[in-house]
Amino acid sequence: MAETAARLPQPLGSRTRVLAWLQRYGVYASVLALFLFNVAFTPHFLEVANFRTQLIQVAPIVIVSLGMALVIGTEGIDLSVGSVMALSSAMVVLYLGYGAPVAIVAALAAGAAVGAGGGALVAYAGVQPIVATLALLVGIRGLANVLVPQLTEFRNPTLITLGSRSVLGLPLVVIIAAALTAVVAFVVKRTIFGRQLVAVGGNRAAAKLSGLPVRRILVTVYVLSGLLAAVAGVLATARLQASDPTSLGLLMELSAITAVVVGGTPLTGGRVRVLGTVMGALLIQLLQATLIKHNLPQSWTQMVQAVIILAAVYAARGRKQ
């Protein structure tokens with residue numbers, strides 16, 4: 001009888017270990033499984049041109065997801081990232097007459113300004129992150145459509161180079177995404193700001209009592225998220241050589257949140273997994289490409305993403321029980 005009682009807690013412990021493994025390594029296993037599926041059933045999947053295309057398309061998702069990971073690490077959320085991409089694209093068109101460098105700086109400044117506004121609402125006005133950034137999602141997309149009301153094409157040598165040039169066989173947009181990943185990973189793991197960010201997400205009240213500049217950290221995190229979203233918008237605009245604020249960045253917030261959560265960063269904050277976030281973005285891109293290549297509608301991707309988010313949140317919840 002005693003032996004039976006002693007064994008009773010084990011199934012719960014086993015389930016917890018499984019959930020912990022899935023949260024930490026599930027994204028890697030999923031990417032590998034999807035990769036092998038495509039190798040076996042998708043024609044021309046292993047061609048170099050296909051890999052190049054996939055890397056180019058995943059780069060903006062990676063960049064936006066990095067900013068989202070920082071925000072979620074503080075127990076926040078940023079729903080405005082897709083609209084920021086649209087606004088940055090509109091700013092490129094509006095200021096391109098002053099030269100590509102000025103246009104790019106204006107686009108990045110607009111993204112940082114939106115992030116600062118969202119951060120101020122959260123940190124100083126006490127507005128819930130989901131409410132503050134939802135308002136920005138709607139308002140900023142509307143502003144972008146007012147500034148550039150229709151698809152606008154352009155030809156600019158600097159932006160053509162930015163969007164299509166390769167270095168040592170790697171597209172420049174992919175190199176930029178990889179460099180930003182390395183920078184964010186360094187900030188999170190090796191800097192005081194990174195440790196403060198995690199502390200704020202783990203226990204905001206305790207962080208405040210210990211003397212950390214909680215409000216400044218929160219504003220900075222949202223500024224970085226807006227800035228990274230603007231970078232993604234500029235790169236997407238440069239690649240397309242066109243600005244279409246109506247569709248650019250649409251539902252990007254869903255992709256970014258999925259990548260971050262699946263990558264092992266909990267919505268409750270206190271942890272940021274940069275490499276997991278990149279793998280989560282790659283999983284989303286592979287999923288989208290797989291459905292397209294097998295003639296399934298785009299709406300399937302959105303439904304699968306919703307299921308993935310629920311599964312990842314359940315795994316994180318299971319670890320805490």
Side-chain angles (χ1 to χ4, degrees), residues 16-17 19-21 23-25 27 63-81 84 111-136 180-229 253 256-257 259-278 280 309 312-321:
T16 302
R17 286 194 295 271
L19 291 174
W21 187 92
Q23 189 187 28
R24 190 174 184 87
Y25 302 109
V27 64
I63 295 171
V64 174
S65 298
L66 292 172
M68 185 69 75
L70 296 177
V71 173
I72 291 179
T74 64
E75 201 181 2
I77 200 81
D78 189 355
L79 300 180
S80 68
V81 289
V84 170
V114 173
L121 288 173
V122 173
Y124 290 96
V127 181
Q128 289 293 325
I130 192 171
V131 176
T133 58
L134 179 61
L136 290 174
L180 290 173
T181 299
V183 170
V184 172
F186 177 82
V187 168
V188 171
K189 296 294 184 181
R190 303 294 182 184
T191 66
I192 295 175
F193 173 76
R195 291 191 289 272
Q196 291 176 337
L197 181 157
V198 171
V200 170
N203 191 322
R204 187 173 301 182
K208 189 173 182 179
L209 289 174
S210 64
L212 295 182
V214 174
R215 289 178 174 175
R216 187 175 67 193
I217 292 168
L218 290 175
V219 172
T220 302
V221 162
Y222 282 90
V223 168
L224 291 174
S225 179
L227 185 61
L228 288 168
E253 58 278 353
I257 293 170
V260 173
V261 175
V262 172
T265 299
L267 289 171
T268 52
R271 185 187 307 124
V272 178
R273 297 198 184 279
V274 177
L275 181 58
T277 296
V278 174
I309 291 175
V313 171
Y314 175 77
R317 176 178 176 272
R319 291 187 64 183
K320 294 185 177 184
Q321 291 181 338

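Note that the numbering runs from 1 along the sequence shown for the chain.
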Mind checking what makes side chain to side chain contact (heavy atoms under 4.5 Å, CB included) contact with [X], not counting sequence neighbours?
X: Leu121; result: Ala125, Val127, Ala132
X: Thr181; result: Val62, Leu66, Val274, Val278
X: Ser225; result: Val71, Asp78, Val81
X: Thr191; result: Phe186, Val187, Phe193

key: Sidechain-backbone polar pair: Thr277 side chain, Ala259 backbone, donor-acceptor under 3.5 Å   =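 No; zero donor-acceptor contacts below 3.5 Å.
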
query = Does anything in residues 123-133 pair up under side-chain hydrogen bond (donor to acceptor under 3.5 Å, both in side chains), and if so which pairs, sequence neighbours excluded?
reply =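 Qualifying pairs: none.
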
Looking only at non-hydrogen atoms, find the nearest pair between [X] and [Y] and report the distance.
X: Gly263; Y: Val27; value: CA-CG1, 4.3 Å
X: Gly264; Y: Arg271; value: O-NH1, 3.7 Å
X: Tyr222; Y: Pro129; value: OH-CB, 3.3 Å
X: Ala229; Y: Val84; value: CB-CG1, 3.8 Å
X: Ala69; Y: Val260; value: N-CG2, 3.6 Å

Rounded distance [0.5 Å steps], [atom1] in [X] versus [atom2] in [Y]:
X: Lys208; Y: Ile217; atom1: NZ; atom2: CD1; result: 12.5 Å
X: Leu267; Y: Ile72; atom1: CG; atom2: CD1; result: 5.5 Å
X: Ile77; Y: Met68; atom1: CD1; atom2: CE; result: 5.5 Å

request  = Test Leu224 against every option in Val184, Leu70, Val219 by the side chain to side chain contact (heavy atoms under 4.5 Å, CB included) rule and name the one that passes.
outcome  =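 Option passing the side chain to side chain contact (heavy atoms under 4.5 Å, CB included) with Leu224: Leu70.
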
Tell me which donor-acceptor pairs under 3.5 Å the side chains of residues 194-207 have, and how far apart each pair is, sequence neighbours excluded?
{"residue": "Asn203", "atom": "OD1", "partner": "Ala205", "partner atom": "N", "Å": "3.3"}
{"residue": "Asn203", "atom": "OD1", "partner": "Ala206", "partner atom": "N", "Å": "2.9"}
{"residue": "Arg204", "atom": "NH2", "partner": "Thr74", "partner atom": "O", "Å": "3.1"}

